[in-house]
Number of protein chains: 2
Amino acid sequence: MSHSDTSTTERISDAEYAVMEALWERAPLSAADVCKAVGGSRDWSLATVKTLLSRLVSKQAVATQPDGRRFLYTPQIARNDYVGTESRRLVDRLFGGRAATLVAHLAEAEALSDDDIDEMERLLKELRK
Amino acid sequence: MSHSDTSTTERISDAEYAVMEALWERAPLSAADVCKAVGGSRDWSLATVKTLLSRLVSKQAVATQPDGRRFLYTPQIARNDYVGTESRRLVDRLFGGRAATLVAHLAEAEALSDDDIDEMERLLKELRK
DNA sequence: TCGAATCGGTTACATCTGTAGTCGTCAACA
DNA sequence: TGTTGACGACTACAGATGTAACCGATTCGA
C-alpha cells in the first residue's frame with residue numbers, strides 16, 4: 001500500500017456517492033447546498049441529504065466545519081483515491097485483476113468511442129516510455 | 001441494445017455473484033455442488049448457498065432443472081452480458097462514460113502490468129482497423 | 001419581540017444483503 | 001419397513017441502504 005493509506009476504507013453507497021460528487025465538485029457546502037447541487041440527478045428531500053451526510057461523516061468520508069448556524073461539509077477522501085479503489089475492485093472481481101480484459105469487454109460491447117481509443121493509445125504510449 | 005435484452009436487469013449482489021461464478025464455470029450444478037465449488041473463497045453453510053440460489057432464481061438470473069431428488073441450477077444470463085453491464089455502470093458512474101478515463105486512473109495507480117499494456121495496445125490496434 | 005424559516009440531530013421504516021436455522025418430504029439404506 | 005439423510009421451501013435476523021418525518025434550538029424578518 002504505497003499510497004497514503006486511503007483512510008478507513010468504509011464502503012460508500014450509491015446514494016452517498018452522489019453526495020460525494022457534489023462535494024468534490026464544489027468545495028465546502030452546507031446540507032442545503034448539497035441538496036440543491038444534486039437536485040438534478042436525484043430528487044431528494046433535504047432530510048434525505050442530511051441523513052446521507054451524517055452517514056458519510058460517521059464513515060469519515062467527509063468532515064464538518066462549523067459555519068455559524070450550520071455546518072459546511074468537505075470531502076475527507078480524495079476523489080482520485082475513491083475512484084481508484086472502486087476501479088480496482090471491479091477489475092479484481094470481474095476480470096481477475098486483468099485490466100486489459102476489462103478493455104476487451106468494453107471494446108466488444110462497442111462501448112468505446114473513437115476519442116476513447118485515441119486517448120487510450122496516447123496513454124499507453126506515455127506509459128511505455 | 002442490439003444484444004438479447006439482457007433480461008430484467010435485477011442487480012446481483014456480491015455474494016450472489018460468487019455463486020454465479022461457480023455456475024458460469026461448471027455448467028449445471030446442484031446446490032451442494034455450488035457449495036463445494038465456492039468453498040475455496042467463501043466459507044458458507046449449505047443453507048446460505050441455497051438462499052443465494054433461490055434469490056438468484058427469483059431474479060431470473062439462474063434457472064432450475066429438476067434432476068430427480070434435487071434441482072440443477074444453470075445461469076440464465078451470460079457472464080459476458082453481466083460483466084459488460086457492470087463495467088458500463090462503473091464507467092458511467094465514475095468516469096462520465098469515458099472508458100479512457102478509467103484506463104488513465106488504472107495507469108496512474110500503477111495498476112497496469114506490462115502484459116496489460118501490451119494486450120491493450122494490441123486490442124486498440126485491432127479496433128482501429 | 002414573536003412567529004416563521006433554518007439547522008443539525010434523532011428516529012423511523014421498508015427493502016436488500018449476508019448468513020443461517022427449521023420443517024416437511026421423499027428416497028435409499030439397513 | 002422403519003429410520004436416517006439429503007433436499008427444497010420457508011423463516012429468521014442483524015446490518016446496510018434509500019428515503020424521509022419529527023424535534024429542539026436558533027436566527028431572521030416583521
Side-chain angles (χ1 to χ4, degrees), chain A residues 8-23 28-74 76 82 85-86 89-90 93, chain B residues 8-23 28-74 76 82 85-86 89-90 93:
Chain A
T8 2
T9 311
E10 285 248 36
R11 294 281 290 144
I12 288 176
S13 80
D14 248 41
E16 285 159 4
Y17 173 73
V19 169
M20 291 303 285
E21 272 298 321
L23 290 176
L29 293 179
S30 71
D33 292 340
V34 172
C35 194
K36 228 162 294 169
V38 300
S41 30
R42 344 276 287 216
D43 191 27
W44 285 327
S45 82
L46 179 57
T48 300
V49 172
K50 284 194 285 188
T51 300
L52 294 174
L53 280 170
S54 15
R55 286 181 187 165
L56 285 168
V57 170
S58 335
K59 294 183 183 181
Q60 299 188 292
V62 321
T64 54
Q65 146 195 7
D67 174 48
R69 169 106 331 274
R70 70 257 178 91
F71 276 128
L72 294 185
Y73 300 85
T74 313
Q76 224 27 39
Y82 175 75
T85 305
E86 286 307 296
R89 256 179 77 83
L90 183 93
R93 240 175 60 110
Chain B
T8 3
T9 311
E10 285 250 34
R11 295 281 288 143
I12 288 175
S13 81
D14 248 40
E16 286 160 3
Y17 173 73
V19 169
M20 290 303 286
E21 273 297 322
L23 290 176
L29 294 179
S30 71
D33 292 339
V34 172
C35 194
K36 228 160 296 168
V38 300
S41 30
R42 343 277 284 217
D43 192 28
W44 285 327
S45 82
L46 179 56
T48 299
V49 172
K50 285 195 280 189
T51 299
L52 294 174
L53 280 169
S54 15
R55 286 182 187 164
L56 285 168
V57 170
S58 333
K59 295 184 183 180
Q60 298 189 294
V62 321
T64 54
Q65 144 196 11
D67 174 48
R69 174 106 327 276
R70 70 257 180 90
F71 276 129
L72 294 184
Y73 300 85
T74 314
Q76 226 24 42
Y82 175 75
T85 305
E86 286 307 297
R89 255 179 77 83
L90 183 93
R93 239 176 60 111

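Just so it is clear, the model here is predicted, and its values are computed rather than measured. Numbers restart at 1 for each chain; the letters A, B, ... are given by sequence-line order, proteins then strands.
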Atom pairs, N/O to N/O, protein against nucleotides 11-16 of chain C, distance under 3.5 Å?
none

Selection residues 61-72 of chain A - residue pairs positive for salt bridge (charged side-chain N to carboxylate O under 4.0 Å, His left out), sequence neighbours left out: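 Salt bridge (charged side-chain N to carboxylate O under 4.0 Å, His left out) check on residues 61-72 of chain A returns A:Asp67-A:Arg70.
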Taking side chain to side chain donor-acceptor pair (under 3.5 Å) as the test, write out the residues that go with [X], two or more places apart.
X	result
A:Arg93	B:Asp14, B:Tyr82
B:Thr48	B:Ser45
B:Glu21	B:Tyr17, B:Arg79

Once you apply a heavy-atom cut-off of 4.0 Å, does B:Ser13 come out as touching a base, just sugar-phosphate, or nothing?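 Sugar-phosphate, no base atom in range.
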Sequence neighbours left out, what passes side-chain contact (heavy atoms from CB on, under 4.5 Å) with B:Ala18? Give chain and number order.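 For B:Ala18 the side-chain contact (heavy atoms from CB on, under 4.5 Å) partners, ignoring immediate neighbours, are B:Arg42, B:Trp44.
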Smallest separation among heavy atoms of A:Phe71 and A:Thr64, with atom names: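 For A:Phe71 and A:Thr64, the tightest heavy-atom pair comes out as CD2-CB, 4.0 Å.
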Using a strict cut-off of less than 4.0 Å between a Lys/Arg side-chain nitrogen and an Asp/Glu carboxylate oxygen, indicate whether A:Glu10 and A:Arg55 qualify as a salt bridge.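 A salt bridge is absent here (no side-chain N lies under 4.0 Å from a carboxylate O).
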Scan residues 28-44 of chain A against DNA chain C and write down, sorted by residue number, each residue with any heavy atom closer than 4.0 Å; if none is found, say none.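 Those residues are A:Ala31, A:Ala32.
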Grab the N/O contacts between the protein and nucleotides 24-30 of chain C below 3.5 Å, and write none if there aren't any.
| residue | atom | partner | partner atom | Å |
| --- | --- | --- | --- | --- |
| C:dC26 | O3' | B:Arg69 | NH2 | 2.9 |

Among A:Leu52, A:Val34, A:Val62, which one satisfies side chain to side chain contact (heavy atoms under 4.5 Å, CB included) with A:Met20?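 The single option meeting the side chain to side chain contact (heavy atoms under 4.5 Å, CB included) with A:Met20 is A:Val62.
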Let me know the distance between CG of B:Leu53 and C1' of C:dT17, rounded to the nearest Å.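 Value for this atom pair: 15 Å.
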At the 4.0 Å heavy-atom cut-off to chain A, mark where contacts on DNA chain D begin and end, going 5' to 3'.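 That gives a stretch of D:dT17 to D:dT27.
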Could you summarise the pairing of DNA chain D as dot-bracket text, marking Watson-Crick and G-U pairs under 3.5 Å with ( ) or [ ] inside the strand and | across strands? ||||||||||||||||||||||||||||||
